[in-house]
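Structure first, then comments.
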Protein chains: 2
Amino acid sequence: MYVSRTGGSAVTGFTRTGGCPSTDDGGAIREVLDRISDKWSLLVVGALRGGPLRFGELEKEVTGISQRMLTLTLKHLVEDGLVSRTAYAEVPPRVEYEVTELGKTLVPLVIALADWAITHRDEINANRAGNQH
Amino acid sequence: MYVSRTGGSAVTGFTRTGGCPSTDDGGAIREVLDRISDKWSLLVVGALRGGPLRFGELEKEVTGISQRMLTLTLKHLVEDGLVSRTAYAEVPPRVEYEVTELGKTLVPLVIALADWAITHRDEINANRAGNQH
DNA sequence: CGGTATCCTAGAGGATACTG
DNA sequence: CAGTATCCTCTAGGATACCG
């Protein structure tokens, strides 16, 4: 899956462009966005893009996340079926997290967003600095 | 701009894939994400993808948003340079909001996200319903 | 019409301590 | 190591009322 360049989107969920109802009100976007646009979910999914990671590895990868938030975020992602959890019966315990097939469909978007953030970060910061009165 | 399909991203900001430091710590993503991943920003940008809209039109387009939140969200988007504000000296007053050139670079991603949300909404909801104990 | 100005509350999320 | 369990703070965001 890749992003259409500006013009060719089939369904957007937004209620415009010729009044096309698109089978769906914009509620779907809000619904999914509410799950994904928290402080950490996208970062965690992004961290898992290269393959499975252990809890501790994720903690280092996702800089600044607290143990509690990592636990909660992972729990939600697992519930939503975006990430799978595999616990190995060893001592010390080992638990690996990995994006599911569904999760993999989101990864390119996360990467695109990350690229966008890095590319335009300076410009945004400059605007911020300039526009504040 | 379009999203690379799974493999070809130049910079991601995530600190992996051969330990490539990517000129930048992951802080950029968090920084930009913190601005954009609030409850309404992406919805507002998405609503503006088809051209300029007035305040009142946005209020209808972005279902569920309060007047206060629309005001604040627009103010932030304008500050960041993603959206421009044009006030016409008429009575009754007319104010139009429009995505800037910078904002336009974000629009495809918002559309992609919206498409993803709509496409996978049911699957996510099914997982949610199934995984809760 | 397009906003401000206040007030108020739920819950996101941090810090710390403890556990199988 | 990979989590729970508590406690506590802070602020995003809703409701309501008013204004140029």
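Order of the sequence lines sets the chain letters (A, B, ...), proteins ahead of strands, with each chain counted from 1. Computation of the quantities below employed the complete heavy-atom set of this structure, encompassing side-chain atoms and omitting hydrogens, waters and symmetry-equivalent molecules.
A search for side chain to side chain donor-acceptor pair (under 3.5 Å) contacts involving A:R68 returns nothing, not counting sequence neighbours. In this structure A:D122 satisfies the salt bridge (charged side-chain N to carboxylate O under 4.0 Å, His left out) test with no other residue, sequence neighbours excluded. Checked against side chain to side chain donor-acceptor pair (under 3.5 Å), B:E59 has no partners two or more places apart in sequence or in another chain.
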Output a table of donor-acceptor pairs, distance under 3.5 Å, between side-chain atoms of residues 37-46 of chain B and any protein atom two or more places apart or on a different chain; print 'none' if there are none.
residue	atom	partner	partner atom	Å
B:S37	OG	B:L33	O	2.9
B:D38	OD1	B:W40	N	2.9
B:D38	OD1	B:S41	N	2.8
B:D38	OD1	B:S41	OG	3.0
B:D38	OD2	B:S41	OG	2.7

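Each end of the helix from C:dC1-D:dG20 to C:dG20-D:dC1 gets its own axis from five base pairs, and the two axes differ in direction by 60°, given to 10 degrees.
Nucleotides of DNA chain C with any atom under 4.0 Å from a heavy atom of chain B span, from 5' to 3', C:dC1 to C:dT6.
For the atom pair CD (A:E123) and CZ (A:R128), the distance works out to 14.5 Å, reported to the nearest 0.5 Å. Residue A:H76 holds its NE2 atom at 8.0 Å from CG of A:D80, rounded to the nearest 0.5 Å. To the nearest 0.5 Å, atom OH of residue A:Y97 and atom CG of residue A:L74 are 5.0 Å apart. Atoms CG and CD1, on A:D34 and A:I29 in that order, are 11.5 Å from each other to the nearest 0.5 Å.
In this structure, the OH atom of A:Y97 is 8 Å from the C1' atom of D:dA2, given to the nearest Å. Between A:R85 atom CZ and D:dA2 atom P the separation is 10 Å, expressed in whole Å. The CD atom of A:E96 sits 9 Å away from the P atom of D:dA2 (whole-angstrom rounding). For the pair A:L53 CG and D:dC1 P, the interatomic distance rounds to 15 Å; values are reported in whole Å. A straight line from CG of B:D38 to C1' of D:dG13 spans 10 Å, rounded to a whole angstrom. With rounding to whole Å, A:K39 atom NZ is found 13 Å from D:dC10 atom P.
Nearer the 5' end of DNA chain C, as judged by each residue's closest nucleotide, is the contact made by B:P92, out of A:I65 and B:P92.
Taking the charged nitrogens against the carboxylate oxygens, B:K104 and B:E101 do have a contact shorter than 4.0 Å, which makes a salt bridge.
The only option from B:L77, B:L106, B:V110 that meets the side-chain contact (heavy atoms from CB on, under 4.5 Å) definition with B:I36 turns out to be B:L106.
The backbone N or O of B:G81 sits less than 3.5 Å from a side-chain atom of B:T100, completing a donor-acceptor pair.
Pairs of residues two or more places apart, or lying in two chains, that qualify as salt bridge (Lys or Arg N to Asp or Glu O under 4.0 Å) and include a residue from residues 81-94 of chain B are B:E90-B:R94, B:R94-B:E96.
Two residues are said to be in side-chain contact when any heavy atoms from C-beta on lie closer than 4.5 Å; B:T105 and A:W116 meet this criterion.
Heavy-atom distances under 4.0 Å link DNA chain C to A:R68, A:M69 of residues 68-77 of chain A, given in residue order.
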So which protein nitrogen or oxygen atoms get under 3.5 Å of nucleotides 17-20 of chain D's nitrogens or oxygens?
none

